[in-house]
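Take a look at the structure below.
FYI, side chains are in, hydrogens and waters are out, and symmetry mates aren't considered; it's all heavy atoms of this structure. Being a predicted model, the structure only gives us computed values, none of them experimental.
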Amino acid sequence: MRKKITVVGSGNVGATTAHWIAAKELADVVLVDIIEGRPQGNGLDLLQAMPIEKRDSYVLGSNDYAATANSDIVIITAGVPRKPGMSRDDLLNINYKIMSEVVGKVVQYSPKSFLIIVSNPLDVMAQTAYKLSGFPRERVVGMAGILDSARFRAFIADELKVSVENVTAFVLGGHGDTMVPLPRYSTVAGIPITELMDAATIDRLVKRTRDGGAEIVKLLKTGSAYYAPAAAATEMAEAILKDKKKILPCAAYLDGEYGIKGLFVGVPVKLGAKGIEQIVQIKLTADEQTQLNKSAAAVKELVDIIGVGATPVLASAS
Ligand code: APR
């Protein structure tokens with residue numbers, strides 16, 4: 001039996017995710033959207049690319065969740081972008097409503113699936129999906145850290161003129177202004193970048209990573225990034241389907257790890273056939289932990305607005 005991945009939201013990120021999945025022949029893909037014709041059109045277009053790419057992934061688009069039944073993985077990219085005049089809270093409430101609708105359908109049709117959340121604000125949407133689905137935390141994971149780390153890796157490789165294959169990097173924390181890039185744990189062929197670049201250069205790359213999404217929004221003017229976000233979500237799906245047991249920075253529901261309880265925050269996790277198989281706890285300096293706490297507090301602030309937190313608290317503060 002072939003594996004089945006549903007991608008909810010057939011916009012830029014969703015359609016591109018379907019593209020990466022089919023191009024890698026990871027699974028059959030069902031694209032779902034509320035816009036009549038959009039997922040059907042994208043699905044058919046991708047299906048017609050398969051003979052050229054010599055891939056046997058079947059791609060189908062639908063407005064009806066019945067087509068998604070028994071998916072192994074559901075990647076959720078549905079949402080609306082922030083429009084002029086819309087406050088952050090307005091956006092939060094709209095996307096919360098969308099996520100609630102989507103998760104309800106997904107649970108009904110694919111009760112055993114793994115959820116990979118991509119919609120923003122990422123950590124809060126992951127928390128919403130986790131709380132509303134009732135799935136165990138191993139099966140709900142948010143995509144952010146891989147994207148933020150990939151941006152950092154691309155900038156490091158470009159700066160040092162080395163292969164991207166040689167560069168690993170870790171960015172933890174929430175997906176947003178408070179993300180925590182960790183230069184000490186970022187390496188080129190195993191050599192920490194702190195040995196290869198001066199502090200000012202690292203600071204410049206860290207800042208560009210932090211502003212990575214905004215830089216692209218500014219250039220595109222009418223949308224946000226989608227190639228790299230889609231590639232990151234696909235890497236997570238691949239790690240689960242192939243039981244790769246890959247250590248990747250992802251948003252996970254913390255239950256005391258890193259001193260944080262009851263909240264989705266970006267941390268290194270091991271992704272395999274059971275989903276989040278382990279939350280990897282690395283030693284942080286006092287300054288890094290302070291930054292991570294600040295990032296968690298920013299996530300908590302949004303979680304509290306829509307009330308999906310039970311009683312999330314920083315364990316250290318309780
Ligand atoms: N059910 C299914 N699809 C929906 C729903 C819903 N209730 N509401 C909106 N959508 C669809 C829209 O119709 C649209 O096709 O979600 C899609 C979003 O696509 P885009 O507007 O192109 O946005 P995109 O760039 O793909 O980003 C999607 O991912 O990275 C994040 O910040 C980004 O939250 C955003 C999400």
Side-chain angles (χ1 to χ4, degrees), residues 1-11 13-22 24-34 39 43 57-79 95-96 98-119 122-144 146 229-230 232-246 248 250-253 264 269-279 308:
M1 276 280 279
R2 289 202 212 153
K3 297 292 181 183
K4 180 170 176 179
I5 300 180
T6 285
V7 180
V8 183
S10 191
V13 177
T16 311
T17 303
H19 180 187
W20 287 115
I21 293 166
K24 291 177 175 226
E25 209 177 45
L26 286 183
D28 289 343
V29 186
V30 180
L31 269 167
V32 178
D33 203 287
I34 38 166
S57 286
Y58 194 82
V59 190
L60 174 80
S62 180
N63 303 116
D64 182 352
Y65 281 82
T68 71
N70 301 317
S71 293
D72 297 284
I73 295 180
V74 179
I75 301 176
I76 304 180
T77 77
N95 282 345
Y96 171 71
I98 292 173
M99 188 57 70
S100 317
E101 279 168 27
V102 170
V103 168
K105 294 284 188 188
V106 167
V107 171
Q108 183 186 344
Y109 284 97
S110 300
K112 292 184 180 153
S113 59
F114 293 91
L115 305 184
I116 297 177
I117 310 302
V118 182
S119 311
L122 188 274
D123 307 273
V124 191
M125 290 300 116
Q127 181 113 354
T128 301
Y130 170 64
K131 291 284 176 187
L132 298 183
S133 66
F135 285 5
R137 72 167 177 165
E138 292 73 25
R139 288 205 274 133
V140 185
V141 58
M143 188 294 295
I146 299 175
T234 305
E235 184 178 32
M236 292 165 73
E238 183 173 27
I240 294 170
L241 286 186
K242 295 187 177 170
D243 192 20
K244 302 268 287 187
K245 305 201 185 294
K246 232 178 183 180
L248 295 164
C250 298
Y253 188 76
F264 269 79
V269 305
K270 188 199 280 180
L271 274 191
K274 297 194 184 82
I276 297 177
E277 298 191 347
Q278 188 192 341
I279 289 176
V308 283

Side-chain donor/acceptor of [X] to backbone N/O of [Y], under 3.5 Å:
X      : Y      : answer
Ser133 : Phe135 : yes
Thr77  : Gly9   : yes
Arg2   : Ala27  : no
Ser110 : Thr68  : yes

Taking all heavy atoms of [X] and all of [Y], pick out the closest pair and write down the distance.
X      : Y      : result
Val269 : Ala252 : CG1-CB, 3.9 Å
Ile116 : Ala233 : CD1-O, 4.1 Å
Asp243 : Ala273 : OD1-N, 2.9 Å

Less than 4.5 Å apart, any side-chain heavy atom of [X] and any of [Y]?
X      : Y      : answer
Ile276 : Lys270 : no
Val32  : Pro39  : no
Val141 : Ile117 : no
Ile73  : Leu241 : yes
Tyr65  : Val102 : yes
Pro229 : Met143 : yes

Inter-residue atom distance [X].[atom1] - [Y].[atom2], 0.5 Å rounding:
X      : Y      : atom1 : atom2 : value
Ile34  : Asn63  : CD1   : CG    : 9.0 Å
Met125 : Tyr96  : CE    : OH    : 9.0 Å
Ser100 : Leu132 : OG    : CG    : 5.0 Å
Thr6   : Leu115 : OG1   : CG    : 10.5 Å
Leu248 : Leu271 : CG    : CG    : 5.5 Å
Lys274 : Ile240 : NZ    : CD1   : 13.0 Å

Practice prompt. Apply side chain to side chain contact (heavy atoms under 4.5 Å, CB included) to Ile146 and Met236, showing your working.
Written response: CA-CA 9 Å; Ile146 299 175; Met236 292 165 73; 3.3 Å; yes
Got a sec, which residues hit side-chain contact (heavy atoms from CB on, under 4.5 Å) with [X], two or more places apart in sequence or on another chain?
X      : answer
Pro136 : Glu138, Arg139
Lys4   : Val30, Ser71, Asp72
Thr234 : Thr17, Trp20, Ile21, Lys24, Leu26

Practice prompt. Tell me, with the steps shown, if Ile5 and Ile75 meet side chain to side chain contact (heavy atoms under 4.5 Å, CB included).
Written response: CA-CA 7 Å; Ile5 300 180; Ile75 301 176; 3.9 Å; yes
Practice prompt. Mark yes when over 12 heavy atoms from residues, nucleotides or ligands other than Lys105 sit less than 6.0 Å from its NZ; otherwise mark no.
Written response: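 No, because the 6.0 Å sphere around NZ of Lys105 holds 12 heavy atoms or fewer from other groups.
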Worksheet item: Is the closest basic N to carboxylate O distance between Lys245 and Glu277 below 4.0 Å?
Response: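 Yes.
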Worksheet item: Taking 4.0 angstrom as the limit, do Glu235 and Lys246 come out as a salt bridge?
Response: yes
Item to complete: Go through Val8 and Val74 one step at a time and tell me if the side chain to side chain contact (heavy atoms under 4.5 Å, CB included) criterion holds.
Response: CA-CA 7 Å; Val8 183; Val74 179; 3.9 Å; yes
Worksheet item: Do Phe264 and Tyr130 make the cut of ring centroids closer than 6.0 angstrom?
Response: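 Yes; Tyr130 has its ring centre under 6.0 Å from that of Phe264.
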Item to complete: Report the C-alpha distance between Ser10 and Leu31 in whole Å, list the side-chain angles of each, state the deciding distance to 0.1 Å, and finish with yes or no for side chain to side chain contact (heavy atoms under 4.5 Å, CB included).
Response: CA-CA 6 Å; Ser10 191; Leu31 269 167; 3.7 Å; yes
